[in-house]
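All remarks here apply to the structure that follows.
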Number of protein chains: 2
Amino acid sequence: MDREVILISYREKIKNFITFNDEEWYAFTGFLKIKKVKKNRCFVEYGKICRELGFIINGAVRFCNVINGQEITGYFSFENSFVTALKSYLAEEPCLYDIKTLEDTIFVTISKKNMEAMLKHPLLSCKMERFGRLISESFNILFEDRIKSFVIKTPEQRYLDLLKSGKDIVKRIPVQYIAQFIGITAVSLSRIRKRIMNSTLSTNRIHT
Amino acid sequence: MDREVILISYREKIKNFITFNDEEWYAFTGFLKIKKVKKNRCFVEYGKICRELGFIINGAVRFCNVINGQEITGYFSFENSFVTALKSYLAEEPCLYDIKTLEDTIFVTISKKNMEAMLKHPLLSCKMERFGRLISESFNILFEDRIKSFVIKTPEQRYLDLLKSGKDIVKRIPVQYIAQFIGITAVSLSRIRKRIMNSTLSTNRIHT
DNA sequence: CGAATTTCTTAACAAAAGATAAGAATAATA
DNA sequence: TATTATTCTTATCTTTTGTTAAGAAATTCG
C-alpha cells in the first residue's frame, strides 16, 4: 500500500473524530507518517519515551508487560483504533511496557512534536485540540468499563462478557493472552472454560 | 462560602488545565454553577444521565455500584479533582452507578449544555476544547495505572502500593471501601493487613 | 456518658486461583 | 508429510480469596 492510499483510508476511518476541508487536509497530512512494523516487533519499547500517537490501518498489537522475566499482556488494539503508550506519551516519561505487533501492522502516526506544532498551527490548532479530546475520551470510555469489570466481576464473568461481546480479541487472540487480559493465568482460564463447557452441556441436556 | 469566593478558588485550582484573561473569565463563569451536596447524598444517580462535569472544591465522593443489593465502591475522588460519570456524560446514556458524597461537598459544575455552548462560543471555543482534552487526559493517566495494577499485581501488592502512595484514600476512607477499590472483600483485606503486620514485625525483630 | 449502630477482625470451611510439571492438541515449517 | 515448536489442557498441591457468622473495636448519636 502506498502512502496516498493509506492516507485516504485514514481520512475515512477517523471521520468520527475529525473532518477536514481540502486545505486543512493538505496541511494535516504534512504532519503524518506511515509506519510499517513486521509481526512480533515493537511499536513502543519499554524504557523509552513514546513520542507517537498511532492509528492502526490494519494489523493488531498487544500491550506487553515483563514481570519476573515473563511477558504479561494487558491489552490489545486492532485496526481502526488509536494506539499509544498513553501515560508515556502524555507525561513524556519512560514507557513501562512494550507495545508489540501481533501481525504485520501498518500505522499512521503523529509524532508528539508534530502534534504540538499542529496545536499551534493557525489552520489546525482548534481542530487538533478537539481531535485530541475525542481520542482521549474514547479511551476513557473503554477504560472505565474495564476497571469496573475488575472491581465488580469475577474472572469467570469477565470471560463470559468477552465471549458475549464477540470482539476481535476472542477470535484472534491466543487463549493465554486472553487469560492475562482478564487478570488470571492461562491455567486458571483453562479451568474456567471447562466449567463453562460442562454447565452449558448439562443445560442443553435438560432442554432436549 | 459564597459564589465569588468559590469561583476564585476554582480559578486558582484549575490553572494547570486552563487560564483566562479577565474577559474570558467573565464569559466562562457565566456558565458555571455551584452545587453543595450534603454527606451521603448522590451527586450522580444510578439510571439517570449524568449531565454535569464537576470539580470538587472541598469534600469527597465515592463511585458506588449496587450488586445484588450490596454496595460496592469502585473509586474515590477528593478535593481539587474533576468528577463526572464519564461514560454517561460523554455518551449521554444512563449511568450505571451512583456517585455519593462521603462528606459535605462543594462542587463547581459545568452542565453538558453549557459545555456545548462554550464549545461554540467564539471567545471560549478553542480553550474549552483544550480544557476538555486535558481533563480527559488526566483521567486516562489515572485509569491506565489502575488497569495495569489489576492485570499484573496481586491484591496484596495493590494494597501495599496504596500505602506507599500515601494518598488520601488510605487516610480518609474506611477499610471496607478500600478493599472494594482493590477488588476484594473486606474480610480478605483484613487478612492481608494481618499478614503484612506480622511480616513487618518479624522483619523489625531481626533488625533489632 | 452510655446505648446503639457501624465497622473491623477473626474463625471455619468452601471455592477459586497460583505454581509446577507433564501430556495432548495445534500450528509452524522444513 | 513428518518434525519441531508452540499452545492448550489436565493433574496435583499450595496459597489465596469468598462466604457466613460471631465477636471486638470504634463511632455515632440521643
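Quantities reported herein were computed from a predicted structural model and do not represent experimental measurements. Side-chain atoms are counted along with the backbone in the values below, which use heavy atoms only and exclude waters and symmetry mates. Letters A, B, ... mirror the listed sequences (proteins, then strands); counts begin at 1.
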Of all nucleotides in DNA chain C that come within under 4.0 Å of a heavy atom of chain A, which is furthest toward the 5' end and which toward the 3' end? C/dA17 to C/dT20
Going by the rule side-chain hydrogen bond (donor to acceptor under 3.5 Å, both in side chains), which residues pair with A/Arg133 if we only count those two or more places apart in sequence or in a different chain? A/Glu137, B/Glu129
Could you pull out all residues at least two apart from B/Ser190 that satisfy side-chain hydrogen bond (donor to acceptor under 3.5 Å, both in side chains)? none
In short, the helix from C/dC1-D/dG30 to C/dA22-D/dT9 is bent end to end, axes from five pairs each side, to 10°, by 50°
Taking it one step at a time, do A/Ile196 and A/Leu160 satisfy side-chain contact (heavy atoms from CB on, under 4.5 Å)? CA-CA 9 Å; A/Ile196 292 171; A/Leu160 287 169; 3.6 Å; yes
Excluding sequence neighbours, so at least two apart, what forms ring-ring contact (aromatic ring centres under 6.0 Å, His included) with A/Phe150? B/Phe150
Which pair of heavy atoms, one from B/Lys171 and one from B/Gly166, lies closest together, and at what distance? CE-O, 3.4 Å
Hey, could you give me each pair passing side chain to side chain donor-acceptor pair (under 3.5 Å) that has a residue in residues 93-102 of chain B? Not counting sequence neighbours. A/Glu144-B/Tyr97, B/Glu71-B/Lys100
I'd like to check the salt bridge (charged side-chain N to carboxylate O under 4.0 Å, His left out) partners of B/Asp145; sequence neighbours left out, ordered by chain and number. A/Lys87
Hey, what are the protein-to-nucleotides 23-28 of chain D N/O distances that come in under 3.5 Å?
none

Counting the benzene-type ring for Trp, do B/Phe131 and B/Phe20 have ring centres under 6.0 Å apart? no
Side chains of residues 39-49 of chain A: which donor-acceptor partners sit under 3.5 Å, not counting sequence neighbours?
none

Measure the acute angle between the ring planes of A/Phe181 and A/Tyr75, then classify it against the limits of 30° and 60° as parallel, tilted or perpendicular. tilted
Where along nucleotides 6-20 of chain D does protein come under 4.0 Å, by heavy atom, of base (B) or sugar-phosphate alone (S), with - for untouched nucleotides? -SSBBBB----BBBB
Salt bridge (charged side-chain N to carboxylate O under 4.0 Å, His left out) partners for B/Lys113, two or more places apart: none
Suppose the criterion is salt bridge (Lys or Arg N to Asp or Glu O under 4.0 Å): which pairs have a residue in residues 76-85 of chain B, not counting sequence neighbours? B/Glu79-B/Arg172
